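Everything on this sheet refers to the single structure shown next.
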Amino acid sequence: MEKTKQTVKLTNPIIRGDKKYDEITVIKPTVAALKDLKLLDVMQSDVNALTVLLPRVTQPMLHKNDFDSMDIIDFTALATETIGFLVPNSEQAEAESE
């Protein structure tokens, strides 16, 4: 069965007012979520493209200013999970077996 969501545990929680978020759920992007983005930029982990895409595919929804103080480890984990949804299943299986 194909996964449509993946939860990322943050090393440094996001704090908004009195709310603290320790984990973010990444939802498999739809074509609509990728609108106005270059797929190649997303696949190459372009930071600008990912800061546009991630708010569209995360719960709770990330805000643009969340990225200003986000730990690079957390950003990379979120990007990796998002890009993982765009890789064909056969390539994922091949990468996991290596």
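Below, each value reflects all heavy atoms present in this structure, side chains not excepted, and no hydrogens, waters or symmetry copies. Bear in mind the structure is a predicted one, so any value in this text is a computation, not a measurement.
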Pairs touching residues 64-74 that satisfy salt bridge (Lys or Arg N to Asp or Glu O under 4.0 Å), sequence neighbours left out: Arg16-Asp66
Tell me the closest heavy-atom pair linking Thr51 and Pro55, and the distance in Å. O-CD, 3.1 Å
In terms of hydrophobic clusters joined by side-chain contacts under 4.5 Å, are Ile83 and Leu39 together? yes
Answer yes or no: is there a side-chain heavy-atom contact under 4.5 Å between Thr7 and Ile24? no
Using side-chain heavy atoms (C-beta onward) and a distance below 4.5 Å, is Lys28 in contact with Val57? no
Looking at every heavy atom in both Pro29 and Leu86, which two are closest together, and how far apart are they? CG-CD2, 4.2 Å
Hey, does Ile14 have a side-chain heavy atom less than 4.5 Å from the side chain of Met70? yes
Within a strict 4.5 Å, meaning less than it, do heavy atoms of the Asn48 and Asp41 side chains meet? no
Can you tell me how far apart CG (Asp36) and CZ (Arg56) are? Round to the nearest 0.5 Å. 6.5 Å
Among residues at least two apart in sequence or on other chains, which ones pass salt bridge (Lys or Arg N to Asp or Glu O under 4.0 Å) with Lys38? none
Would you kindly confirm whether Val26 and Val87 end up in one hydrophobic cluster when ILVMFWY residues are joined by side chain heavy atoms under 4.5 Å apart? yes
Do Met43 and Leu50 belong to the same hydrophobic cluster, where Ile, Leu, Val, Met, Phe, Trp and Tyr are linked whenever their side-chain heavy atoms lie under 4.5 Å apart, directly or via other members? yes
Is there a side-chain contact between Tyr21 and Pro60 (heavy atoms, below 4.5 Å)? yes
Residues in side-chain contact (heavy atoms from CB on, under 4.5 Å) contact with Lys9, at least two apart in sequence or another chain: Asp22, Glu23
Below 4.5 Å, heavy atoms only, C-beta onward: do Phe75 and Ser45 meet side chain to side chain? no
Can you tell me how far apart CD1 (Ile27) and OG1 (Thr82) are? Round to the nearest 0.5 Å. 10.0 Å
Please check if the number of heavy atoms outside Ile73 that lie under 6.0 Å from its CD1 is greater than 12. no
Could you check whether any side-chain heavy atom of Leu62 comes within less than 4.5 Å of a side-chain heavy atom of Leu78, counting everything from C-beta outward? yes
Say you draw a straight line from CD1 of Ile72 to OG1 of Thr11; how long is it, rounded to the nearest 0.5 Å? 10.5 Å
Beyond-backbone contact of Phe67 with Val47, side-chain heavy atoms, under 4.5 angstrom: no
To the nearest 0.5 Å, what is the distance between NZ (Lys20) and CG (Leu10)? 11.0 Å
